[in-house]
Amino acid sequence: MKPIAISDSANFYVSAERIFDPSLKGVPVIVLSNNDGCAVARSDEAKALGIKMGEPLHLIRDKIAAHGVRVFSSNYTLYGDISRRVVAVYEDYTPNVEIYSIDECFLDFSGLRDRVGHARTMRRDVLLRTGVPVRVGIAPSKTLAKCANDIAKKNPIFKGVLDMMDPKLADWLLPLVPVGDIWGIGRKTKAKLDGIGITTAADLRDMPLRQARAMGTVVLERVVLELQGEPCIAFDDIAPQRKGMAVTRSAGIPMQGFDTLFQAITAHTTRAAEKLRQHGLVAGTMTVFFHTNRHRPDRPQYAGSRTTRLIPMSNDTLQLVAAAKRCALAAWPKVGAERYAFAKAGVMLDDLLPVEDRPKTLFDAPPRDPALMIALDAVNRRFGKKTMILGSEGVSQSWQMRVEHRSPRYTTRLSDLPVVRG
DNA sequence: TCTGGGGTCCTAGGACCC
DNA sequence: TCTGGGGTCCTAGGACCC
């Protein structure tokens with residue numbers, strides 16, 4: 001059986017902030033979602049204060065003030081760069097790395113004589129070279145490896161590494177894992193399982209396969225098999241072709257009137273087109289949506305959305321923004337538009353293809369010469385993001401999201417580095 | 001009143017993940 | 001006043017085909 005390891009970073013965004021600011025060690029720290037909306041990463045000290053994952057900032061202001069919680073806006077430029085550095089260390093310890101998320105990688109640990117020793121050395125090296133503490137779970141399936149990782153996270157006796165390749169060890173530990181903590185078991189499935197008395201990972205492992213399939217389709221059946229040590233989710237170190245991409249944002253100040261909304265949609269579409277070109281892709285379908293603040297049912301509510309085909313398939317900012325305008329106009333309220341304040345808008349692109357696979361069109365307009373977009377990207381790369389934008393993005397940009405607590409982009413912006421004098 | 005069988009493709013919605 | 005963003009996979013059901 002092939003040993004699969006998963007390595008994940010402890011409170012990754014908080015760990016990334018702590019690398020460059022030692023005063024954050026040992027004190028409660030939280031990192032906020034976009035628009036400074038809610039807490040999405042908490043240090044152990046912040047968790048101990050009872051700050052929950054996803055809790056809105058405006059509901060915990062008192063707690064923050066009372067306990068001196070340090071608060072950060074999310075700084076994805078920084079986190080993305082730190083993530084790449086962590087992966088580079090993993091690559092020195094196994095030839096096959098599957099990047100699962102910004103802070104988690106599956107590692108192929110086959111052929112090692114001393115897996116635990118190897119993992120311990122790797123942990124020390126990641127900490128030394130990046131400053132990020134990580135934990136490692138090892139098992140014959142991804143789901144079991146995630147369980148092992150979770151157990152190592154919660155029990156310091158394992159010192160951050162747990163190897164569960166031995167089925168007897170799994171027998172012993174799985175009764176301690178709550179069923180809702182298993183990878184793939186969400187809120188709804190947990191409630192169903194609770195209802196029939198399945199409350200631990202050991203219970204779920206012993207659930208009859210037919211019953212699992214009836215209750216939760218092949219997805220739940222696979223979880224059961226994986227818990228039994230039979231891998232159903234392949235190790236995949238080649239990133240699959242992505243199927244869609246989205247750029248959506250809440251507005252710092254709610255958007256009123258078509259022009260303001262369309263400024264934001266222009267900006268999101270511009271960003272989405274850049275991402276397409278970065279990945280060498282074109283899109284075949286576009287959806288534009290916008291809606292009012294759903295947390296305020298006392299105010300007039302409206303949600304608009306429109307999908308269109310892109311012919312020819314495109315990654316050209318001008319063509320995409322033109323399509324986005326048609327969608328936005330079509331979805332715009334026919335009456336009483338002035339009553340609505342839109343809290344969020346976004347653009348989603350689907351049916352993505354590598355640009356070289358784009359189908360030829362016979363009767364429709366041919367794709368535009370890419371020279372203009374190449375020049376646009378070159379200008380914005382050299383002179384900074386948004387040096388050159390479309391006029392319809394506007395200059396006031398009142399819809400920009402709130403970013404009130406962002407740390408410097410220490411590793412990617414020279415101009416952000418603190419100046420030390422004397 | 002009676003009205004086949006089997007296949008594919010597409011979409012919307014649900015559930016889950018980090 | 002203030003509540004994130006970006007993904008994947010699966011299923012059911014409808015449209016359509018012969």
Side-chain angles (χ1 to χ4, degrees), chain A residues 6 8-13 30-42 51-62 64 71-76 79-80 83 98-106 142-143 146 149-150 179-193 212-223 232-234 236 239-254 268 271-272 275 279 284-285 287 289 291-299 305 307 309 341 343-352 401-405:
Chain A
I6 182 152
D8 89 323
S9 313
N11 318 325
F12 179 60
Y13 297 170
I30 61 172
V31 177
L32 304 174
S33 62
N34 267 339
N35 212 33
D36 292 348
C38 24
V40 292
R42 305 105 71 218
I51 297 174
K52 300 275 180 289
M53 176 68 182
E55 206 166 2
L57 175 65
H58 68 98
L59 296 183
I60 53 176
R61 291 227 187 256
D62 291 348
I64 287 167
V71 178
F72 290 86
S73 302
S74 38
N75 186 343
Y76 291 109
Y79 310 150
S83 176
E98 177 191 336
I99 298 174
Y100 175 64
S101 74
I102 194 164
D103 76 323
E104 285 176 83
C105 287
F106 289 105
K142 285 183 168 178
T143 305
K146 292 275 282 185
N149 185 288
D150 195 49
V179 76
D181 290 358
I182 298 166
W183 191 44
I185 305 300
R187 202 167 40 87
K188 301 266 185 176
T189 310
K190 175 190 182 314
K192 279 193 220 167
L193 291 168
R213 182 184 275 255
M215 176 175 279
T217 76
V218 294
V219 179
L220 187 60
E221 189 182 19
R222 274 203 296 251
V223 174
C232 302
I233 306 169
D236 193 1
Q241 165 70 54
R242 70 193 300 170
K243 304 198 158 114
M245 71 168 56
V247 177
T248 71
R249 292 282 180 278
S250 294
I253 299 169
H268 303 339
R271 178 71 196 119
K275 278 167 70 175
H279 291 90
T285 308
T287 301
F289 75 88
H291 59 75
T292 48
N293 185 348
R294 290 173 172 155
H295 301 288
R296 294 300 303 263
D298 54 312
R299 295 184 191 162
S305 150
T307 300
R309 291 209 74 81
K344 182 169 179 174
V347 56
M348 300 189 283
L349 300 170
D350 282 292
D351 301 326
L352 308 186
M401 65 182 183
R402 272 184 299 277
V403 185
E404 288 172 9
H405 313 277

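We name chains A, B, ... by the order of the sequence lines, and we start the count at 1 in each one. Quantities reported herein were computed from a predicted structural model and do not represent experimental measurements.
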Worksheet item: In terms of the nearest nucleotide of DNA chain C, which residue is placed more toward the 5' end: Asp36(A) or Lys243(A)?
Response: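 Nearer the 5' end of the strand: Asp36(A).
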Return yes if some donor-acceptor pair links the side-chain N/O of [X] with the main-chain N/O of [Y] below 3.5 Å, else return no.
X         : Y         : value
Thr287(A) : Thr307(A) : no
Arg42(A)  : Ile30(A)  : no
Lys142(A) : Ala234(A) : yes

Give one of base, sugar-phosphate or nothing for [X], where a contact means two heavy atoms less than 4.0 Å apart.
X         : answer
Met401(A) : nothing
Ile185(A) : sugar-phosphate
Asp103(A) : sugar-phosphate
Arg213(A) : nothing
Glu55(A)  : nothing
Ser74(A)  : nothing
Leu349(A) : nothing
Arg242(A) : sugar-phosphate
Arg61(A)  : nothing
Arg271(A) : nothing
Lys192(A) : nothing
Tyr100(A) : sugar-phosphate
Gly216(A) : nothing

Taking side chain to side chain contact (heavy atoms under 4.5 Å, CB included) as the definition, give me every residue that meets it alongside [X], ordered by chain and number, with sequence neighbours left out.
X         : result
Asp181(A) : Asp150(A), Lys154(A), Val177(A), Pro178(A)
Ser9(A)   : Phe12(A), Asp103(A), Val132(A), Val134(A)
Glu104(A) : Ile6(A), Asp8(A), Tyr100(A), Ser101(A), Lys146(A)

Worksheet item: Which pairs pass side chain to side chain donor-acceptor pair (under 3.5 Å) with one or both residues in residues 213-223 of chain A, sequence neighbours excluded?
Response: Arg213(A)-Glu221(A)
Discussion item. Counting Watson-Crick and G-U wobble pairs with both distances under 3.5 Å, what is the dot-bracket string for DNA chain B, 5' to 3', using [ ] for crossing pairs and | for pairs to another strand?
Written reply: ....||||||||||||||
Item to complete: Provide the distance between the two P atoms, one in dT3(B) and one in dC18(C), to the nearest whole Å.
Response: 24 Å
Worksheet item: To the nearest 0.5 Å, what is the distance between OG1 (Thr285(A)) and CE (Met348(A))?
Response: 11.0 Å
Discussion item. Within the structure provided, determine whether Val403(A) and Met401(A) are in side-chain contact (heavy-atom separation under 4.5 Å).
Written reply: yes
Worksheet item: Around atom CD1 of Ile99(A), are there more than 12 heavy atoms of other residues, nucleotides or ligands at under 6.0 Å?
Response: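 Check fails, neighbour count at 12 or below.
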Worksheet item: Along DNA chain B, 5' to 3', what are the outermost nucleotides having an atom less than 4.0 Å from a heavy atom of chain A?
Response: dA15(B) to dC18(B)
